[in-house]
K.L.:
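Handing you a structure now.
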Amino acid sequence: RNMSVPTTMKAVVVEQTGGPEVLQFKTSYPVPTPKAGQLLVRNNISGVNYIDTYFRTGLYPAPKPEILGREGAGVVAAVGPGTSGFQVGDRVAWLSTGGYAEYTAVSTAQTAKIPEGISDEDTMASFLSGLTVLAFAKETYPVQKGDWVLLHAAAGGAGFLMTQILKTMGANVIGTAGGAEKCALVKSLGADVVIDYRSEEGKDWVKIVKEATGGRGVDVVYDSVGKDTWEGSLEAVKRKGTIVWFGNASGPVPPLPLAKLTPKCVKIARPSLFGYIQTREEFESYTNELFGLLKSGQLKTKIHKIYPLEDIAQVHKDLEGRKTMGKPLLRP
Ligand code: NDP
């Protein structure tokens, strides 16, 4: 039995790419109808990720008009024809697009039931970001106990979780972050070395990384900052080391001559979460692991702030202005 669902809803729509001003708040946008294999979810809370800004600016192309927002948590309000495995009333978290709205029609393929004892808010503070961190630390480069790891933007939505996961895996973590408050947060998570890469001393973070590793460099760099850090990351990695470039917070890594990798026999990867969770088996394996870590208290979440839907432009400004610590969330 379906819940009573209105015909219109609040939603934020992007009609053309641009700055935060292209995020248009609408109060009577049509509620989508779930198709076969889909669920209609009434979102209680949605995650805001840096990737949303790439779809807004057009760095990542996607058809417009588009409702941004790659993840949400809430209650199943209706089930599409022939859709199995979920019922109206189930509390779920999903990965798809359209989270900046009260309702989203999503495929069941990347929807998970949230276990009892885990809040929607904790789930959204760790769902897309936490799955990313697990996949990149286990598959892109399998982190080993004792590895030295350099992690940029360690106080961010993904970075806050990654610092903790790397420590539970037994790595030595060197975290970078902008400003004293962010650095104190990263330190509190157990990072071994924390560098404020915006400070005078921290600007030469490559030198600090080299010193911390006895001149050798790190086994792996996780770099989501991109344009501003890629060259330093290449210097900071050890001979036979790995660089995982996975984001463009400062702009994309420019086209790179492969010969740059040769002197140190460096391996590079440019992964995407979605490449690791395409089968139901892969998706469930990572979501179960994440829920397990949340339930046991091994993984702590940090919500920067919960913003009302109509303040979405401010969230994008805060993210791009490097003002957030942990994860910004949206209350549709
Ligand atoms: P964050 O909360 O980490 O926000 C981005 C952070 O990047 C900022 O807070 C800032 O931290 C740092 N930064 C450095 N330089 C700049 C700059 N010039 N402008 C803005 N920010 C800058 O975002 P998310 O946790 O949502 O995502 C983190 C990164 O991971 C993003 O690059 C994202 O695209 C990527 N990502 C990639 C995925 C994939 O599948 N490939 C999946 C998930 C995330 P500070 O002030 O400390 O420098």
Side-chain angles (χ1 to χ4, degrees), residues 19-20 46-57 59-60 68-71 95 97 99 110 124-137 139-141 150-165 174-187 189 191 194-199 202-203 205 221-230 232-233 243-253 268-278 282 286 290 301-305 315-330:
S46 300
V48 184
N49 293 286
Y50 213 90
I51 194 174
D52 301 350
T53 70
Y54 309 148
F55 286 107
R56 194 206 70 219
T57 61
L59 176 68
Y60 290 179
L68 304 178
R70 255 48 200 174
E71 58 180 341
L95 295 175
T97 187
Q110 290 182 341
M124 271 305 101
S126 63
F127 201 57
L128 188 150
S129 321
L131 297 174
T132 300
V133 164
L134 289 172
F136 293 1
E139 286 198 71
T140 312
Y141 171 89
L150 171 61
L151 169 66
H152 291 305
F160 178 84
L161 302 172
M162 186 141 203
T163 307
Q164 297 174 69
I165 297 283
I174 305 177
T176 64
E181 201 188 351
K182 289 186 181 183
C183 286
L185 179 71
V186 177
K187 190 80 201 164
L189 299 172
V194 184
I195 307 171
D196 178 355
Y197 55 7
R198 298 185 83 177
S199 72
K203 266 187 195 139
W205 49 268
V221 185
Y222 286 96
D223 184 341
S224 65
V225 173
K227 185 166 166 272
D228 290 351
T229 47
W230 73 272
S233 295
I243 304 179
V244 181
W245 274 308
F246 70 102
N248 326 284
S250 65
V253 175
I268 55 171
R270 207 310 178 184
S272 133
L273 163 64
F274 295 95
Y276 293 104
I277 54 167
Q278 283 187 3
E282 289 169 334
Y286 280 117
L290 175 68
T301 61
K302 179 166 177 65
I303 296 169
H304 168 67
K305 194 170 147 184
V315 193
H316 279 225
K317 284 179 198 160
D318 290 348
L319 259 178
E320 291 174 307
R322 309 171 77 162
K323 297 209 169 71
T324 61
M325 285 203 290
K327 180 109 176 184
L329 299 180
L330 205 55

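Just so you know, ligand 1 is whichever comes first in the structure, and atom 1 is the first atom listed for that ligand.
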K.L.:
Taking distance alone, with N or O pairs closer than 3.5 Å, would you say V48 contacts ligand 1?
P.N.:
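Checking ligand 1 against V48, no N or O pair falls under 3.5 Å apart.
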K.L.:
Locate the shortest heavy-atom distance separating Y54 from G247; write the atom from each residue and the value.
P.N.:
OH-C, 3.9 Å
K.L.:
Quick check: Y50 and ligand 1, any N/O pair under 3.5 Å apart?
P.N.:
yes
K.L.:
What do we get for T132 next to ligand 1 when only non-hydrogen atoms under 4.0 Å count, side chain, backbone, both or neither?
P.N.:
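For T132, only side-chain atoms sit under 4.0 Å from ligand 1.
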K.L.:
Do me a favour and list the nearest non-hydrogen protein atom to atom 47 (O) of ligand 1 with residue, atom name and distance?
P.N.:
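So the nearest neighbour among protein heavy atoms is G178 N, 2.8 Å.
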K.L.:
Is there any N or O on L273 that sits under 3.5 Å from an N or O of ligand 1?
P.N.:
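Between L273 and ligand 1, an N or O pair is found under 3.5 Å apart.
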K.L.:
With atoms numbered from 1 as shown, which atoms in ligand 1 lie under 4.0 angstrom from a non-hydrogen atom of E320?
P.N.:
19 (N), 20 (C)
K.L.:
Specify whether F136 and Y276 have parallel, tilted or perpendicular ring planes, treating 30° as the upper limit for parallel and 60° as the lower limit for perpendicular.
P.N.:
perpendicular
K.L.:
Quick one: look at F136 and ligand 1, take heavy-atom pairs under 4.0 Å, and tell me if it's side chain, backbone, both or neither.
P.N.:
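Within the 4.0 Å criterion, F136 contacts ligand 1 through side-chain atoms alone.
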K.L.:
Does ligand 1 come near enough to S129 that some N or O of the ligand is less than 3.5 Å from an N or O of the residue?
P.N.:
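No; every N/O pair is 3.5 Å or more apart.
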K.L.:
Identify the two heavy atoms, one from S233 and one from V221, that lie closest to each other, and give their separation to 0.1 Å.
P.N.:
OG-CG1, 3.6 Å
K.L.:
Any atoms of ligand 1 less than 4.0 Å from a non-hydrogen atom of K182? List them with their elements.
P.N.:
9 (O), 11 (O), 45 (P), 46 (O), 47 (O)
K.L.:
I need the atoms of ligand 1 closer than 4.0 Å to a non-hydrogen atom of A153, numbered in the order shown.
P.N.:
7 (O), 12 (C)
K.L.:
OG1/T132 to OH/Y286 distance, rounded to the nearest 0.5 angstrom?
P.N.:
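Output value for this atom pair is 10.5 Å.
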K.L.:
For atom 36 (N) of ligand 1, what's the nearest protein heavy-atom neighbour? Residue, atom name and distance, please.
P.N.:
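Protein heavy atom at minimum distance: F246 O, 3.6 Å.
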K.L.:
What part of R198, side chain, backbone, both or neither, has a heavy atom within less than 4.0 angstrom of ligand 1?
P.N.:
neither
K.L.:
Should Y54 be listed as contacting ligand 1, given a heavy-atom distance under 4.0 Å as the test?
P.N.:
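Contact check Y54 vs ligand 1: positive.
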K.L.:
Given that the side chain starts at C-beta and the backbone is N, CA, C, O, which of these parts of P271 lies under 4.0 Å from ligand 1, counting heavy atoms, or is it both or neither?
P.N.:
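The answer is the backbone of P271.
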K.L.:
Determine whether the side chain, the backbone, both or neither of F274 has a heavy atom under 4.0 Å from any heavy atom of ligand 1.
P.N.:
neither
K.L.:
Is it the side chain (CB and beyond), the backbone, both or neither of H304 that lies under 4.0 Å from ligand 1, heavy atoms counted?
P.N.:
neither
K.L.:
Within a distance under 4.0 Å of any heavy atom of L128, pick out the atoms of ligand 1 and give their elements.
P.N.:
43 (C)
K.L.:
Return yes when at least one protein heavy atom is under 4.0 Å from atom 44 (C) of ligand 1, and no when none is.
P.N.:
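No, because not a single protein heavy atom sits under 4.0 Å from atom 44 (C) of ligand 1.
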K.L.:
Which residue supplies the protein heavy atom nearest to atom 3 (O) of ligand 1, what is that atom called, and how far is it?
P.N.:
G156 CA, 3.5 Å
K.L.:
Does NZ or CZ of R70 come closer than 6.0 Å to the centre of the six-membered ring of F274, within 45° of the ring's axis?
P.N.:
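Ring-cation test returns no.
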K.L.:
Taking all atoms of both residues into account, what is the closest heavy-atom pair of A125 and T301, and its distance?
P.N.:
CB-CB, 3.7 Å
K.L.:
When you measure from atom 2 (O) of ligand 1 to each heavy atom in A155, G157, G247, which option holds the nearest one?
P.N.:
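The option holding the nearest heavy atom is G157.
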K.L.:
Is it the side chain (CB and beyond), the backbone, both or neither of N248 that lies under 4.0 Å from ligand 1, heavy atoms counted?
P.N.:
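Within the 4.0 Å criterion, N248 contacts ligand 1 through backbone atoms alone.
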K.L.:
What residue and atom, counting heavy atoms only, is the protein's closest point to atom 14 (C) of ligand 1, and at what distance?
P.N.:
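Nearest neighbour among protein heavy atoms for atom 14 (C) of ligand 1, to 0.1 Å: R322 NH2, 3.3 Å.
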K.L.:
Report the nearest protein non-hydrogen atom to atom 7 (O) of ligand 1: residue, atom name, distance rounded to 0.1 Å.
P.N.:
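The answer is A249 CB, 3.5 Å.
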K.L.:
Are side-chain N/O atoms of T176 and H152 paired as donor and acceptor at under 3.5 Å?
P.N.:
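T176 vs H152: donor-acceptor pair found between side chains.
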